[in-house]
Structure formats: C-alpha cells, structure tokens
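First the proteins, then the strands, lettered A, B, ... as listed; each starts at 1.
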Number of protein chains: 2
Amino acid sequence: MKAARDAVDALEAYLRERELKMTGPRRKVLEVFLGIESHVTAEELFEAVKKVDPGIGQATVFRTVKLLEEAGLARAACRDDGPRRFEHAYRHEHHDHLVCTDCGAIVEFEEPEIERAQARVYRSHGYEPVAHSLELRGRCPACRRGSAAGRA
Amino acid sequence: MKAARDAVDALEAYLRERELKMTGPRRKVLEVFLGIESHVTAEELFEAVKKVDPGIGQATVFRTVKLLEEAGLARAACRDDGPRRFEHAYRHEHHDHLVCTDCGAIVEFEEPEIERAQARVYRSHGYEPVAHSLELRGRCPACRRGSAAGRA
DNA sequence: CTTTCTGCAAAGTGTTTGCAAAAAC
DNA sequence: GTTTTTGCAAACACTTTGCAGAAAG
C-alpha cells in the first residue's frame, strides 16, 4: 500500500487545515476504499470495512465518504438509478464512463474532443465551469453476443 | 392545448397496444405535465395536478410518470442529487443540460461534435449505444456577477 | 363482468441526524 | 479538559407497493 500513504497524508492535511481529527475509523475507511478498484456504493464500502473492523458503523462510513469527497479523495460517479457510486479522485485524471446496461461493466474513457466541445458550450453561454458528468449507457460486446445468440 | 392533443393520442395508442386503459387521472397528469415547461419532479407535478383535481393521489402521479417514460412522452433529466426531474420527450429533440450550481437555471444545448465523439467512443469499445446523459454544471452569468460583486 | 386502475397508507430504498459515550488533540 | 467523532437507532427524503373499492373496456 505505497500509494495509500500519500492519500492518507492528503486526508490528514485536509483535516488539520480544518481543525478536524484523524481517527482510526477514518483511516480504515480510506484504506479500504483505496484498496477497492471498482466503483463502490457507500453500502458496499461499509460491508468491506466491516471485514477489517466490524465495530465501525454505517453512519461513519457515509460520513467519511462525504469527507473524502470534500477532501478531493473520492468523487461520485455513475449517477444512474440506485445508490451513488464513488471512485478514487486522488491523483486520478478526469474521465467519463461507459456503462453496460445489461451486466453493469464500466469502461472509463477520456475524449479530448468532448472536453473541448464542453468548454465551448460553457463559453458560449457565459457559464463558469464547475463540473460535468457524462455517462454513456450501452450494451457491451459480451452482452451483445449473448443476447444476439439467444434471440436469433 | 393543440400540441397536447397529439401527445394524448400517442399515450392512447401506447395504452391500447398494451391493453391498458386510458383514464381520467392519466389524461390529467399528462395534460398538466405538458403544460409545464420546466423540468419537474414527480412531487411538483403532483402539486400541480392537485390544483386541477385534488382527488388524484401521489402514487398515481408517480405511476403515470413512469408510464409516460415508457411511452416515450417523458424522460428523466438532470440526475443531480435530490429527486428525479422529468422533461417532455414527445417530439422533443435530444439535448443535454447546462445547470447553474447557484440558482439552478437550466440551459438546454445540443453539440453535434459531442454527439459524434460519443458515437466514436461506443464504436471503439464495441458497445451498442442505448442512451447517454451529459450534464454540465457551472455558474451562470447572473450568479457570477452577483458573487463577484459581493466578494471582490 | 373481467381486468386494470385508483387512493390511501404502509413499506421500501438510500442517506442523514440526534444523542450519549468514546477518542483525539 | 475541551472538542470532535463514534455507533446506534430513529428520522429523513424519495419512491414503490398491497389492498379493497372504483372505473374502463
């Protein structure tokens, strides 16, 4: 967990700055989060955290995730229906998501052309950019084959 | 309400096709929805419907909105936090949204370049397009001026 | 008449919050 | 020591659902 070190440091810096406290539960939630590569819901993260320390409560996980968002260590992604999903934000480049509507597989991508076009939209309406989310939904190659075989 | 006529016809066709029934509440919910230009939540629509017919229940509005979605007359938009918002989908072109993070003002836009780039992303990953949602968040000209004056 | 639809209230998600005890500083 | 944080459970916001009666076809 070399990479985790930096993220934990970043959280401590953020907490110190706001005169908040670094605690065991917060460190554990962050470490478990960093160890999960996929896009997790707070609930899933809670389940994973419980395996490390069953004493940590759900509310603490929800509160810590919010804290991580504020600290720039986590960000919400895939705002489809259902619970919010979070992904790593610390030293992770911006990207968008392509989600399979059948199996839920997620591809992350970056399209400079889209980013440029978005900047043009902001400019042409006089808006100051804050954030943007693009989610493409579709059927992945595997699911397309599966259902094509089943139907045809 | 000339335009509404077509939409009501479209709903009736959809219902007939599925052997479902056209009812007073459904017609009223659709008509009120069509009369609202902004992006409404089901709850807001319920409030508006109550003014026309106080006897219509909240569950009916929620159920009808879902029905309108299935029938292609409404679509969800602006999946930010909070309740889902719906917009007209009947004979309304696809577009994306630019939302002010301060006052909530919504600009609808269409960027062919973005659409083309999205198609490229689908193709390059072998996904079959199903739907996509792009939401740009930023501060609108009015809010920028307001807070700039207040702060500087 | 048979089936679907309705309104109500209750249950269901997913998330937040009030509180007294516990931990950080 | 003072302040923040924790875990629990209760509350919360939004949405769905079970049911008996009402309406549509």
Side-chain angles (χ1 to χ4, degrees), chain A residues 8 11-33 39-71 74-86, chain B residues 8 11-33 39-71 74-86:
Chain A
V8 173
L11 178 58
E12 287 190 325
Y14 177 84
L15 293 171
R16 208 165 16 247
E17 194 179 294
R18 311 251 167 158
E19 300 194 315
L20 301 176
K21 296 171 182 181
M22 173 51 94
T23 65
R26 283 178 177 169
R27 181 178 284 105
K28 285 173 189 164
V29 170
L30 174 54
E31 284 171 353
V32 170
F33 175 63
H39 302 69
V40 279
T41 64
E43 183 63 35
E44 288 165 356
L45 183 54
F46 171 49
E47 293 302 322
V49 167
K50 270 203 297 197
K51 286 175 192 155
V52 170
D53 182 345
I56 293 178
Q58 193 199 38
T60 298
V61 174
F62 274 83
R63 284 188 279 231
T64 303
V65 167
K66 178 180 280 189
L67 185 68
L68 295 180
E69 265 194 290
E70 290 162 8
R75 83 168 71 92
C78 305
R79 292 210 47 44
D80 220 338
D81 275 342
R84 298 176 71 185
R85 296 192 163 271
F86 298 90
Chain B
V8 173
L11 178 58
E12 287 191 323
Y14 177 84
L15 294 171
R16 207 163 18 244
E17 192 179 296
R18 310 249 166 159
E19 302 194 312
L20 301 176
K21 296 171 181 180
M22 174 51 95
T23 64
R26 284 179 176 168
R27 179 178 285 105
K28 284 173 189 164
V29 170
L30 174 54
E31 283 170 354
V32 170
F33 175 63
H39 301 69
V40 278
T41 64
E43 183 63 33
E44 288 165 357
L45 182 55
F46 171 51
E47 292 304 322
V49 166
K50 271 202 296 197
K51 286 174 191 155
V52 171
D53 181 345
I56 293 179
Q58 193 200 37
T60 298
V61 175
F62 274 83
R63 284 187 279 231
T64 303
V65 168
K66 177 180 282 190
L67 185 67
L68 295 180
E69 265 194 290
E70 290 161 8
R75 82 167 72 92
C78 304
R79 291 211 49 42
D80 220 338
D81 274 343
R84 299 176 70 184
R85 295 193 163 271
F86 298 90

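Following rounding to the nearest Å, B/Lys50 (NZ) and C/dG7 (P) show an atom-to-atom distance of 12 Å. Following rounding to the nearest Å, A/Arg27 (CZ) and D/dT6 (P) show an atom-to-atom distance of 12 Å. The separation between A/Leu67 atom CG and D/dT6 atom C1' is 14 Å, rounded to whole Å. In this structure, CD of B/Glu19 is placed 17 Å from P of C/dT2, rounded to the nearest angstrom. Remark: P of C/dC5 and CZ of B/Arg18 are 12 Å apart, rounded to the nearest angstrom. Between the CG atom of A/Leu11 and the P atom of D/dT4 there is a distance of 17 Å, given to the nearest Å. Summarising the geometry, the separation between CZ on A/Phe46 and P on C/dG14 is reported as 14 Å, rounded to the nearest angstrom. In this structure, the CG atom of A/Leu20 is 10 Å from the C1' atom of D/dT5, given to the nearest Å.
When the side-chain nitrogen and oxygen atoms of B/Arg26 are compared with OP1 and OP2 of C/dT6, one or more of them lie within a distance under 4.0 Å.
Among the nucleotides C/dC25, C/dT4, D/dG7, the one closest to any side-chain atom of A/Met22 is C/dC25. The side chain of B/Thr23 sits closest to C/dC5 out of D/dG7, D/dT6, C/dC5.
Between A/Glu31 and A/Lys28, none of the side-chain N atoms (NZ, or NE/NH1/NH2) sits under 4.0 Å from a carboxylate O, so this pair counts as no salt bridge. One finds a salt bridge joining A/Arg85 and A/Glu44 here, because a Lys/Arg side-chain nitrogen approaches an Asp/Glu carboxylate oxygen to under 4.0 Å. Residues A/Arg84 and A/Glu43 are not paired through a salt bridge, judged by the lack of any N-O separation under 4.0 Å between the basic side chain and the carboxylate.
Where B/Gly24 and B/Lys21 each meet DNA chain C at their nearest nucleotide, the meeting point lying more 5' is that of B/Lys21.
Atom CD of B/Glu19 is surrounded by 12 or fewer heavy atoms from other residues, nucleotides or ligands within 6.0 Å.
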For nucleotides 15-22 of chain D, 5' to 3', base contacts (B), sugar-phosphate-only contacts (S) and non-contacts (-) with protein non-hydrogen atoms under 4.0 Å give BBBB----

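With hydrogens and angles disregarded, a donor-acceptor distance shorter than 3.5 Å links the side chain of A/Thr64 to the backbone of A/Thr60.
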What verdict does the salt bridge (charged side-chain N to carboxylate O under 4.0 Å, His left out) test give for A/Lys66 and A/Glu69, after you've listed the backbone C-alpha separation in whole Å, the side-chain angles of each residue and the deciding distance to 0.1 Å?
CA-CA 5 Å; A/Lys66 178 180 280 189; A/Glu69 265 194 290; over 6 Å; no

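Here the closest non-hydrogen pair linking A/Gly57 and A/Phe46 is C-CE1, 3.6 Å.
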